[in-house]
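What follows is a short report on a single structure.
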Number of protein chains: 2
Amino acid sequence: MDDKSEERGGGLEPVNSTDRRVRADAQRNSKALLEAAMAVFAASGVDAPVREIADKAGVGVGTLYRHFPQRSDLIVAVFRNEVDACANAASAIAAEYEPGEALARWMQRYVDFIAAKRGLAAAFSSGDPAYESLPLYFLEKLRPALQTLLDAATEAGDVRSDVDAKELLFAIARLCSPDRYGGGPDQARRMVGLLVDGLRYGAASVG
Amino acid sequence: MDDKSEERGGGLEPVNSTDRRVRADAQRNSKALLEAAMAVFAASGVDAPVREIADKAGVGVGTLYRHFPQRSDLIVAVFRNEVDACANAASAIAAEYEPGEALARWMQRYVDFIAAKRGLAAAFSSGDPAYESLPLYFLEKLRPALQTLLDAATEAGDVRSDVDAKELLFAIARLCSPDRYGGGPDQARRMVGLLVDGLRYGAASVG
DNA sequence: TTGATAAACGGAACGATGTTCCGTATAAAA
DNA sequence: TTTTATACGGAACATCGTTCCGTTTATCAA
């Protein structure tokens, strides 16, 4: 199928469209930039200057723009990365706790994620087309993760079965939204805790 | 009480803390800037450059910054101005229509206001302390306005009586929020229309 | 191992923006 | 009219996102 290459046996290394491998320093820098951006965004918010990120990663701004042609690309990359981390946490938690407890713990993990991303949420709904794809990515990654936990907890009789994963994700996100002025990040935790208790309560009638 | 002034008899003109009147050109320019900002924000969003506003008002940027020391001050001023306009519309509408119809018409007016201010809503929840006072102002102006309309409509038997003005304001604002991707500004109108019909339906059981 | 070369790098430079500064113009008071 | 506090205008500054290009370097072929 490929007209010009069957060179390296193990296709483990990322290759360019032509032939050559992706240079090692490029990979290193890309990773360093992503991690620096994560740290800087967490510390100073999404409005932090790109130069600060480049400095923290130990590269020039030219390099930063080679890997992330626009500022929003960096934001999007960080967001997707953290969505992935949150989704992946589901299976790790499921392996360690029994179903009901796993569900509760993952939901608190999800609350932390939402709370940390409050600054981004504002950017998303600001109409910038650069962020259009994010809500879909968000849903496609997190819904299956939560659904798996829900199914397991339901089958174990720990929670009721008439809850939709998508609705639950949105409901929690809204509980974390700062609409009610007053009540800090603890309030969100308490409200979500109540929600989880509500799920458990419903399971009692099933036995 | 005032150790140095009892000069002008009719205190109709705005005065400075010392003695002198506020200059006429200053008043003119302040008003022109506010109107220009309203127009520019509506046309190009809240991220429009201040120079564009100064140009439209026919003044220099120095003058703009004399009246509104920070960019956010201009945004806040426009917002408060439009909150006032929306609140004042209540009495005007109430004078022209019967209570139930007045309520319905004002709520659509409120929807237009919320929809137009979507760009600002993002800025408010971005944590900038310059906007901290706005939600309170919003509530203190609009709640009484809606409450008056609600009371009149309730007394006329047009709507049910168990609705809270504050909750209604927030509910409508959320109906207008672009969370569900898909569904434009018409959807908000339809949903609020349903809400109003719901209010009317409840009144039937009262007679 | 050693050139050759495509890829990646760094950071000065550019354009746009929010904000400040200060010499000039002017409305209000004497 | 003269005086003076006030306001004006717009050049200048600091900072941002982004581009450009001469220089460095990792990879490949010999």
Side-chain angles (χ1 to χ4, degrees), chain A residues 4-9 12-33 36-37 40-41 44-77 123 126 128 130-131, chain B residues 4-8 12-33 36-37 40-41 44-77 123 126 128 130:
Chain A
K4 67 153 58 177
S5 60
E6 48 191 297
E7 331 81 4
R8 254 162 309 289
L12 292 179
E13 327 240 357
V15 293
N16 208 346
S17 64
T18 64
D19 191 357
R20 242 169 152 114
R21 269 162 146 167
V22 171
R23 275 171 52 166
D25 54 350
Q27 299 183 48
R28 252 201 325 272
N29 285 331
S30 193
K31 191 177 165 191
L33 279 166
V40 169
F41 286 158
S44 314
V46 283
D47 289 333
V50 291
R51 270 174 251 262
E52 192 179 334
I53 297 172
D55 287 352
K56 181 146 205 154
V59 304
V61 285
T63 300
L64 185 152
Y65 271 88
R66 166 168 293 271
H67 290 285
F68 302 95
Q70 302 213 24
R71 182 195 159 67
S72 57
D73 292 329
L74 200 47
I75 295 176
V76 167
S126 75
D128 191 325
Y131 304 113
Chain B
K4 68 154 57 177
S5 60
E6 49 192 298
E7 330 80 5
R8 253 164 309 289
L12 291 179
E13 325 241 357
V15 293
N16 209 345
S17 64
T18 65
D19 190 359
R20 242 166 151 116
R21 267 161 145 167
V22 172
R23 274 169 55 165
D25 54 350
Q27 298 183 48
R28 254 200 324 270
N29 285 332
S30 193
K31 190 177 166 192
L33 279 167
V40 169
F41 286 157
S44 314
V46 282
D47 290 333
V50 290
R51 270 174 252 264
E52 192 179 334
I53 296 171
D55 287 352
K56 181 145 206 153
V59 304
V61 284
T63 300
L64 186 152
Y65 271 89
R66 166 168 292 270
H67 290 285
F68 303 94
Q70 302 214 26
R71 183 195 158 67
S72 57
D73 292 328
L74 199 48
I75 296 177
V76 167
S126 75
D128 192 325

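Nothing here was measured: the structure is a model prediction, and the numbers come from that model. Lettering of chains follows the sequences in order, A, B, ..., and the numbering in each one begins at 1.
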Closest approach of [X] to [Y] (non-hydrogen atoms, all atoms of both residues):
X: A:A26; Y: A:H67; result: O-CE1, 3.3 Å
X: B:V22; Y: B:Q27; result: O-NE2, 3.3 Å
X: A:L74; Y: A:A37; result: CG-CB, 3.8 Å
X: A:A54; Y: A:L33; result: CA-CD2, 4.4 Å
X: A:S72; Y: A:A130; result: OG-CB, 3.5 Å

When the distance from [atom1] of [X] to [atom2] of [N] is rounded to whole Å, what number comes out?
X: A:D47; N: C:dT17; atom1: CG; atom2: C1'; value: 14 Å
X: B:D55; N: D:dC8; atom1: CG; atom2: P; value: 16 Å
X: A:R21; N: D:dA29; atom1: CZ; atom2: C1'; value: 14 Å
X: A:D73; N: D:dT18; atom1: CG; atom2: C1'; value: 12 Å
X: A:Y65; N: D:dT19; atom1: OH; atom2: P; value: 7 Å
X: A:I53; N: D:dG17; atom1: CD1; atom2: C1'; value: 12 Å
X: B:Q27; N: D:dC8; atom1: CD; atom2: P; value: 11 Å

Give a yes/no answer on whether the side chain of [X] brings an N or O atom under 4.0 Å of OP1 or OP2 in [N].
X: A:Q70; N: D:dT18; answer: yes
X: A:H67; N: C:dA8; answer: no
X: A:R66; N: C:dA7; answer: no

### Message
I'd like to check B:F68 versus B:V76 (side-chain heavy atoms, cut-off strictly below 4.5 Å). Are they in contact?
### Response
no
### Message
If we ignore hydrogens and angles and just use 3.5 Å, is the side chain of A:D73 paired with the main-chain N or O of A:Q70 as donor and acceptor?
### Response
yes
### Query
With A:R23, which residues qualify under salt bridge (Lys or Arg N to Asp or Glu O under 4.0 Å), at least two apart?
A:D25
Where do N or O atoms of nucleotides 10-14 of chain C meet protein N or O atoms at under 3.5 Å, pair by pair?
from: C:dG10; atom 1: OP2; to: A:G60; atom 2: N; distance (Å): 3.0
from: C:dG10; atom 1: OP2; to: A:T63; atom 2: OG1; distance (Å): 2.5
from: C:dG11; atom 1: N7; to: A:G62; atom 2: N; distance (Å): 3.3
from: C:dG11; atom 1: O6; to: A:G62; atom 2: N; distance (Å): 3.1
from: C:dA13; atom 1: N6; to: A:R51; atom 2: NH1; distance (Å): 3.4

### Task
Find the distance between CD1 (B:I53) and CG (B:L64) and round it off to the nearest 0.5 Å.
6.5 Å
Show each protein N/O and nucleotides 22-26 of chain D N/O combination with a separation under 3.5 Å, one pair to a line.
from: D:dT25; atom 1: O2; to: A:R23; atom 2: NH1; distance (Å): 3.1
from: D:dA26; atom 1: O4'; to: A:R23; atom 2: NE; distance (Å): 3.3

### Message
Please compare A:P49 and A:P69 by the position of their nearest nucleotide in DNA chain D and report the one closer to 5'.
### Response
A:P49
